[in-house]
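Lettering of chains follows the sequences in order, A, B, ..., and the numbering in each one begins at 1.
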Amino acid sequence: MLLQMADKLQDNSIIIALTSTGWTAAGLAILHYYSMFVLVGSVAIVDLRVIGIIGRHHNVSDFSRRIFPWVWLSLAVNLISGFIMFAGDATAYVPTRAFQFKLGVVLVAIILAVIVQWKIPVWDQSPVLPARAKILGLISLLFWFGAILMGVEVPAISGIG
Amino acid sequence: MVGSSLIPFGHWLQNRTFALAIADSAWAYPFVQATHFSGISLWLGTNFAVDISLLGVGNRRQTPAQLSDALFFWNWLGFALAVLGGFLLFSVSAETFVINPAFLVKLGVLVPAALITHIVIQCKIHTWGQTAQTPAAAKRAGSLEVLLWFCVATAAVLIPYGPLVY
């Protein structure tokens, strides 16, 4: 059933137009890569602050308020461009284990980012950030690195993309 | 072609033991790529935060100079990782990279221009970024840096569209 949906998606005329022309396909890849760099770099700033090894003299909520809008904006660009790239070759991506694993890692990383942003005002009320906050920041950082690694493993393992 | 004189160097580099080891390993190449991308993420993420702050956005409780100082070490650590990963990726297929137009424009024109802009910003940040409101020159420099690194990413994505690298 998933493959049938993938097949329909792949045959959509807008998807074909966007992914089969050289310049639009390159444009999608440029948006996907650039937004990924800004996304992961921005999340890393907040995570490193939560862990306590960046800007220790700065309030963690200030970092969060400044950085998170860019995290969500770059995530939106990354997801939209990534979805269109996926749709162009959906029947090949859907059954690929490495791609499924990548999506799982990205999903967990996004959930961790939501939890970190949600918890920061609570953690910030105590004079020292609790240990569980630092552990969560570290796990989040590792998952975002994992997302990058899986992003490059998909073409390396399956030859797609 | 501009890079054709570099072909002997590329040939020499890609036949070094470390380059052959990466090329022959099933797992090393993706890890080197991930190191390059993680370094770029740290570099661009920290650059982007300071550039946006130079545009006067989000400076209510933290000046651009304070933000830049807090991110300084991680900014250059990201750059070091990006260069290390990038050099290793380059060395695997150096002979084809040195004649690739997008690669030559990226490394010969865009990266130096973006890097100079970045260094100028870091030298000027304590003049431009002492208060939440930044001068017009700071806004121009911040916008220029965001644009230049976007151009670098564009050239990088276009590399496979040149003479075949992969």
Dump the table of donor-acceptor contacts under 3.5 Å between chain B and chain A, or return none if there are none.
{"from": "B:Gly58", "atom 1": "O", "to": "A:Arg66", "atom 2": "NH2", "distance (Å)": "3.2"}
{"from": "B:Asn59", "atom 1": "OD1", "to": "A:Arg66", "atom 2": "NH1", "distance (Å)": "3.1"}
{"from": "B:Asn59", "atom 1": "OD1", "to": "A:Arg66", "atom 2": "NH2", "distance (Å)": "3.2"}
{"from": "B:Gln62", "atom 1": "O", "to": "A:Arg66", "atom 2": "NH2", "distance (Å)": "2.8"}
{"from": "B:Gln62", "atom 1": "OE1", "to": "A:Arg66", "atom 2": "NE", "distance (Å)": "2.9"}
{"from": "B:Gln62", "atom 1": "NE2", "to": "A:His58", "atom 2": "ND1", "distance (Å)": "2.9"}
{"from": "B:Trp74", "atom 1": "NE1", "to": "A:Ile53", "atom 2": "O", "distance (Å)": "3.2"}
{"from": "B:Val146", "atom 1": "O", "to": "A:Tyr34", "atom 2": "OH", "distance (Å)": "3.4"}

Part of [X] lying under 4.5 Å from any heavy atom of chain A:
{"X": "B:Leu44", "answer": "side chain"}
{"X": "B:Phe31", "answer": "both"}
{"X": "B:Phe37", "answer": "both"}
{"X": "B:Val32", "answer": "neither"}

Quick one: do [X] and [Y] end up in the same hydrophobic cluster if we chain Ile, Leu, Val, Met, Phe, Trp and Tyr together by side-chain heavy atoms under 4.5 Å apart?
{"X": "A:Val50", "Y": "A:Ile110", "result": "yes"}
{"X": "A:Ile30", "Y": "A:Ile84", "result": "no"}
{"X": "B:Leu147", "Y": "B:Leu107", "result": "no"}
{"X": "A:Phe83", "Y": "A:Ile80", "result": "no"}
{"X": "A:Val71", "Y": "A:Leu112", "result": "yes"}

Which bit of [X] comes within less than 4.5 Å of chain B, counting heavy atoms only: side chain, backbone, both or neither?
{"X": "A:Ala147", "answer": "neither"}
{"X": "A:Ala26", "answer": "both"}
{"X": "A:Met150", "answer": "neither"}

Counting neighbours of [atom1] on [X] that are heavy atoms of other residues, nucleotides or ligands and sit closer than 6.0 Å, is the number greater than 12?
{"X": "A:Ile14", "atom1": "CD1", "result": "no"}
{"X": "A:Phe101", "atom1": "CZ", "result": "no"}
{"X": "B:Lys124", "atom1": "NZ", "result": "no"}

Write down the atom of [X], the atom of [Y], and the distance for their closest heavy-atom approach.
{"X": "B:Pro30", "Y": "A:Val152", "value": "O-CG2, 3.3 Å"}
{"X": "A:Gly55", "Y": "B:Ala70", "value": "CA-CB, 3.9 Å"}
{"X": "A:Ile45", "Y": "B:Gly45", "value": "CD1-O, 3.7 Å"}

Between CG on residue A:Leu48 and CG on residue B:Leu71, distance to nearest 0.5 Å: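 The CG atom of B:Leu71 is 9.5 Å from CG of A:Leu48, to the nearest 0.5 Å.
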
Spatial distance of atom CZ (B:Phe72) from atom CD1 (A:Ile54) [nearest 0.5 Å]: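 Reported to 0.5 Å precision, the distance equals 12.5 Å.
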
Contact leader toward chain B among A:Leu31, A:Leu39, A:Ile53, where contacts are heavy-atom pairs under 4.5 Å: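 If we count pairs closer than 4.5 Å to chain B, A:Ile53 comes out on top.
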
Pick from A:Leu149, A:Val43, A:Ile157 with the largest number of heavy-atom pairs that fall under 4.5 Å of chain B: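 Highest number of pairs under 4.5 Å: A:Leu149.
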
